[in-house]
Each structure stands twice: as C-alpha cells, then as structure tokens.
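Working notes, structure below.
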Amino acid sequence: AQSVTQLDSQVPVFEEAPVELRCNYSSSVSVYLFWYVQYPNQGLQLLLKYLSGSTLVKGINGFEAEFNKSQTSFHLRKPSVHISDTAEYFCAVKGGDSGSARQLTFGSGTQLTVLP
Amino acid sequence: DAGITQSPRHKVTETGTPVTLRCHQTENHRYMYWYRQDPGHGLRLIHYSYGVKDTDKGEVSDGYSVSRSKTEDFLLTLESATSSQTSVYFCAISVAGLSSYNSPLHFGNGTRLTVT
C-alpha cells in the first residue's frame with residue numbers, strides 16, 4: 001500500500017520569506033503526485049500535480065514542486081510567502097500497485113502559518 | 001467549480017443512530033469518493049464508486065456503507081454512529097475524460113459530523 005509522509009506538521013515563517021514543505025512517498029513504481037491546499041472551513045483545492053515530464057512543476061499562487069524519483073520526494077516551495085498563504089497543505093500520491101492505482105493517498109498535512 | 005454539493009453541511013447526532021450523508025454532482029463523472037479528515041491523519045479513504053451500483057472499500061471502511069443508484073448521487077451511511085466517527089467528511093470526484101489513474105480529485109466543501 002502507498003504511504004505519504006509529510007515531515008513537518010507545522011511550519012511558521014515570516015512574510016516574504018521562502019518556504020519549503022517536505023513530502024516523501026513510499027512507492028517504487030510510477031506514481032502521480034499532487035499538492036492540495038485547504039483554507040479554514042473549506043474543501044481542498046488542487047495546487048499542482050506531477051504526472052510525467054519535467055520534474056519541476058509550477059502551480060497556482062506562485063507555488064512549485066520538484067519531483068525527485070531517487071529520493072522519492074515531492075517538496076513544495078514558494079520563494080516569498082504572503083499572509084494569505086496561511087493554510088494547511090496536503091501532499092498526495094496516486095498510482096503504484098494495481099490495487100491502489102485509482103486511489104489518492106494523503107499525507108497527514110502541514111500547517112503553514114505566515115507571520116507578519 | 002466541479003459542481004459537487006454535500007449535504008448536510010453540519011450534523012449533530014447521538015451515538016447509535018443512523019446517519020446518511022449525501023454527495024451530489026452535476027457533471028456525470030464516473031468516479032466518486034468519500035474521505036474523512038481527522039487531525040494528524042490527513043484524509044483517509046472510506047469508500048469509492050466507479051459507476052452506478054459499483055463500489056469498493058477504502059482504508060477505513062468499517063462502520064460505513066455506501067450506495068450509488070444514480071450517477072449523480074453517492075450516499076454514505078453510518079448504520080449506528082459512534083463517537084469515533086466524529087469527523088469532517090469530504091466527497092470527491094475524478095474528472096471525466098481523463099485517465100482515472102492520473103487525474104486529480106476535486107472536492108466538495110465537506111460535512112462536519114459530531115456524534116455525541
């Protein structure tokens with residue numbers, strides 16, 4: 001079965017500073033990777049996705065992520081954060097073995113808090 | 001907007017009572033999912049459906065059943081609610097026209113269920 005590890009449950013950062021949210025996954029076969037953002041009392045919104053091709057993926061709101069197959073990682077980055085980026089961020093993986101190929105498995109989430 | 005409506009948005013019920021949550025979509029997508037969200041666990045898959053009357057279990061299916069008699073509706077039932085089922089429940093769809101293996105999920109706004 002798939003597993004996704006988000007290494008930091010909380011990340012505080014000052015406004016305009018860079019941020020990296022870390023994500024590692026378990027599968028050794030081809031997978032598809034996603035980052036979602038959840039603002040308070042809302043559903044999840046897709047930030048970006050890696051399906052194939054370039055390992056650097058750009059998403060909405062200035063976020064980007066880099067797929068690293070050898071390290072089974074998909075870390076999310078933003079060069080300069082804003083107060084409005086305060087939210088919970090979830091890494092998710094789809095694919096791998098046939099039993100879970102259509103299921104999306106989530107990490108436990110990282111709460112990003114941007115401080116003034 | 002993927003046209004997903006969850007109802008009710010909030011529900012308080014007593015232990016031992018049956019509860020049904022509804023997910024309605026307007027765009028005839030084939031794949032629909034029910035997740036629960038709990039602090040420290042991210043989102044975990046309860047059940048999913050790949051067509052009318054076609055459903056399968058997810059990671060945390062015990063105590064839950066689902067039904068899909070029409071393409072647009074996917075119902076989640078707690079036959080006898082327990083306090084451990086207090087959670088936020090999210091419905092999601094996989095966008096039609098894309099491969100079910102690599103398409104991201106689009107989420108509803110959630111139902112907050114409290115079992116007292």
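Hydrogens, waters and symmetry mates are skipped; everything else that's a heavy atom, side chains included, is used. Lettering follows sequence order; numbering is per chain, from 1.
A continuous path of hydrophobic side-chain contacts links Val11(A) to Val81(A) [ILVMFWY only; heavy atoms under 4.5 Å].
With sequence neighbours left out, the side chain to side chain contact (heavy atoms under 4.5 Å, CB included) criterion links Glu15(A) to Ile83(A), Val114(A). When the salt bridge (charged side-chain N to carboxylate O under 4.0 Å, His left out) test is applied to Asp56(B), no partner is found at least two apart in sequence or on another chain.
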Stepwise side-chain contact (heavy atoms from CB on, under 4.5 Å) test for Leu21(B) and Tyr64(B): CA-CA 11 Å; Leu21(B) 309 182; Tyr64(B) 302 94; over 6 Å; no

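A 4.5 Å side-chain heavy-atom check between Leu104(A) and Tyr33(B) finds every atom pair outside the cut-off.
Put simply, the side chain of Gln6(A) gets close to the backbone of Cys91(A): a donor and an acceptor are under 3.5 Å apart. One N or O on the side chain of Arg9(B) and one on the backbone of Asn109(B) form a donor-acceptor pair closer than 3.5 Å. Between the side chain of Thr111(B) and the backbone N or O of His10(B) there is no donor-acceptor pair closer than 3.5 Å.
Under the ring-ring contact (aromatic ring centres under 6.0 Å, His included) rule, Tyr89(A) has a single partner from Trp35(A), Tyr39(A), Phe63(A), Phe34(A), which is Phe63(A).
Rounded to the nearest 0.5 angstrom, Asn68(A) CG and Asn24(A) CG are separated by 9.0 Å.
Contact annotation for Leu44(A): both backbone and side-chain heavy atoms come within less than 4.5 Å of a heavy atom of chain B.
Contact annotation for residues 35-47 of chain B against chain A (heavy-atom separation below 4.5 Å, listed by residue number): Tyr35(B), Gln37(B), Gly40(B), His41(B), Gly42(B), Leu43(B), Leu45(B). Of residues 70-80 of chain B, not one residue has a non-hydrogen atom less than 4.5 Å from any non-hydrogen atom of chain A.
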